[in-house]
Amino acid sequence: AQTVTQSQPEMSVQEAETVTLSCTYDTSESDYYLFWYKQPPSRQMILVIRQEAYKQQNATENRFSVNFQKAAKSFSLKISDSQLGDAAMYFCAYRSVNSRDDKIIFGKGTRLHILP
Amino acid sequence: IAGITQAPTSQILAAGRRMTLRCTQDMRHNAMYWYRQDLGLGLRLIHYSNTAGTTGKGEVPDGYSVSRANTDDFPLTLASAVPSQTSVYFCASSLDRSTEAFFGQGTRLTVV
């Protein structure tokens, strides 16, 4: 079974600085999707960024980018120029492309604090 | 309805009572999911449905049941609630494997 591990329960970063959130996953599959979701205090789940495993190029969305290392099964999220609104819980998620069961597996999350 | 809606938003339930959490989406998404979110444990998959008429067990299915009679609705039932089922429950849906999941606003359930 696939698993997703986020080893940093909490992190803090100074406003305007850069922070990287870690995510590793375990799978025997070669084709899959990886996601980062943001959950602010409102409890809403918001997609931050998506990466397709067969694409070597790292996905970017404005200030958010990923470092996808397929061989190492690592999928870290980099937030540049951190803003107060980035304070939230961040979840890494895995989704298989070819397995019979279409499950989306989440990590335990990393709570990010932005220091003014 | 726009997107995915859960009801109720919050509920206090006596232990032993039966409860159904409702989830409806109007996006014609094929896949639907139920997660519970607990502090320090992240989002854990309870049950899922890849298409109407089919369901599957997730990581923590015990004490919960689901049905998927049509594309839009995916209710989650607690047959006899226990305090350990106190949690925030999220319903999600997705069109296909290449797209992200969209989440409802969550249901905060307290079993006393």
Side-chain angles (χ1 to χ4, degrees), chain A residues 1-10 21-25 27 29-55 59 61 64 88-111, chain B residues 2-6 8-10 23 25 27 29-61 66 68 74 87-109:
Chain A
Q2 294 85 10
T3 58
V4 176
T5 301
Q6 294 179 250
S7 58
Q8 305 150 316
E10 289 194 63
L21 308 184
S22 300
C23 173
T24 59
Y25 56 94
T27 184
E29 300 173 334
S30 60
D31 204 5
Y32 46 86
Y33 287 89
L34 298 165
F35 305 87
W36 278 99
Y37 282 86
K38 170 185 177 181
Q39 186 184 44
S42 67
R43 208 165 70 188
Q44 182 182 6
M45 290 287 288
I46 303 165
L47 178 71
V48 175
I49 203 164
R50 169 177 56 207
Q51 175 76 44
E52 299 160 273
Y54 64 86
K55 287 190 175 180
E61 287 288 343
F64 298 87
M89 181 73 83
Y90 286 82
F91 292 100
C92 179
Y94 171 99
R95 187 174 192 178
S96 169
V97 170
N98 296 314
S99 73
R100 182 174 64 93
D101 300 314
D102 182 12
K103 303 177 183 179
I104 305 176
I105 307 301
F106 285 82
K108 293 184 178 181
T110 296
R111 184 170 298 282
Chain B
I4 182 165
T5 303
Q6 293 182 233
T9 302
S10 65
C23 176
Q25 53 99 2
M27 300 175 282
H29 283 178
N30 293 312
M32 297 188 74
Y33 309 87
W34 274 106
Y35 294 89
R36 60 176 291 174
Q37 183 177 10
D38 303 287
L39 191 64
L41 297 177
L43 288 159
R44 292 182 292 170
L45 183 63
I46 304 171
H47 285 286
Y48 64 96
S49 170
N50 293 162
T51 188
T54 68
T55 63
K57 294 181 179 180
E59 180 185 356
V60 288
V66 291
R68 187 88 184 276
F74 191 44
S87 187
V88 177
Y89 291 85
F90 284 97
C91 181
S93 71
S94 178
L95 178 62
D96 59 46
R97 296 183 189 233
S98 69
T99 59
E100 72 269 29
F102 292 83
F103 283 78
Q105 76 276 30
T107 295
R108 181 176 295 278
L109 180 67

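So that the names make sense, note that chain A is the first sequence line, chain B the second, and so on, each numbered from 1. These values consider heavy atoms only, across backbone and side chains, with no hydrogens, waters or symmetry-generated copies.
In terms of non-hydrogen atom pairs under 4.5 Å with chain A, the most contact-rich of B/Leu45, B/Thr99, B/Val88 is B/Thr99. Each of B/Gly56, B/Gly58, B/Ser94 has some count of heavy-atom pairs under 4.5 Å with chain A, and the biggest count is that of B/Ser94.
For A/Thr110, no part sits under 4.5 Å from any heavy atom of chain B, backbone or side chain. Heavy atoms of A/Tyr32 lying under 4.5 Å from chain B are absent altogether. B/Ala31 touches chain A through its side chain: at least one heavy atom from C-beta onward sits under 4.5 Å away, while N, CA, C and O do not. Using a 4.5 Å cut-off between heavy atoms, A/Asp31 does not touch chain B at all. The contact between B/Asp96 and chain A is made entirely by backbone atoms, counting heavy-atom distances below 4.5 Å. With a threshold of 4.5 angstrom between heavy atoms, A/Gln6 does not approach chain B through any atom at all. For chain B, no part of A/Ser42 is nearby; none of its heavy atoms comes within less than 4.5 Å. Both the backbone and the side chain of A/Ile104 come within contact range of chain B, each with at least one heavy atom under 4.5 Å from a heavy atom of that chain.
Heavy-atom minimum distance, A/Tyr33 versus B/Ser98: OH-CB, 3.2 Å. Contact detail for A/Arg43 and B/Thr9: the closest heavy-atom pair is NH2-O, 3.8 Å. Residues A/Val97 and B/Arg97 approach most closely at O-CD, 3.0 Å, considering heavy atoms. Nearest approach of A/Phe35 to B/Glu100, heavy atoms of both residues: CE2-CA, 3.8 Å.
The OG1 atom of A/Thr3 sits 10.0 Å away from atom CD of B/Glu59, with the distance rounded to the nearest 0.5 Å. Rounded to the nearest 0.5 angstrom, B/Phe103 CZ and A/Gln44 CD are separated by 11.0 Å.
Qualifying side chain to side chain donor-acceptor pair (under 3.5 Å) partners for B/Tyr33, counting only residues two or more places apart in sequence or in other chains: A/Arg95, A/Asp102. Applying the ring-ring contact (aromatic ring centres under 6.0 Å, His included) criterion to B/His29, with sequence neighbours excluded, gives B/Phe102.
Side-chain contact between A/Lys108 and B/Leu39 is absent, with no heavy atoms from C-beta onward closer than 4.5 Å.
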For this session: Let me see the working for B/Leu43 and A/Met45 under side chain to side chain contact (heavy atoms under 4.5 Å, CB included), right down to the final yes or no.
Result: CA-CA 11 Å; B/Leu43 288 159; A/Met45 290 287 288; 3.4 Å; yes
Exercise. Would A/Phe91 and B/Gln37 satisfy side chain to side chain contact (heavy atoms under 4.5 Å, CB included), going step by step from the backbone distance to the final call?
Worked result: CA-CA 11 Å; A/Phe91 292 100; B/Gln37 183 177 10; 3.4 Å; yes
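Residue A/Arg50 places its CZ atom among more than 12 non-hydrogen atoms of other residues, nucleotides or ligands, all under 6.0 Å distant.
Listed for the B/Tyr35 side chain is no donor-acceptor partner under 3.5 Å among the backbone atoms of A/Ile105.
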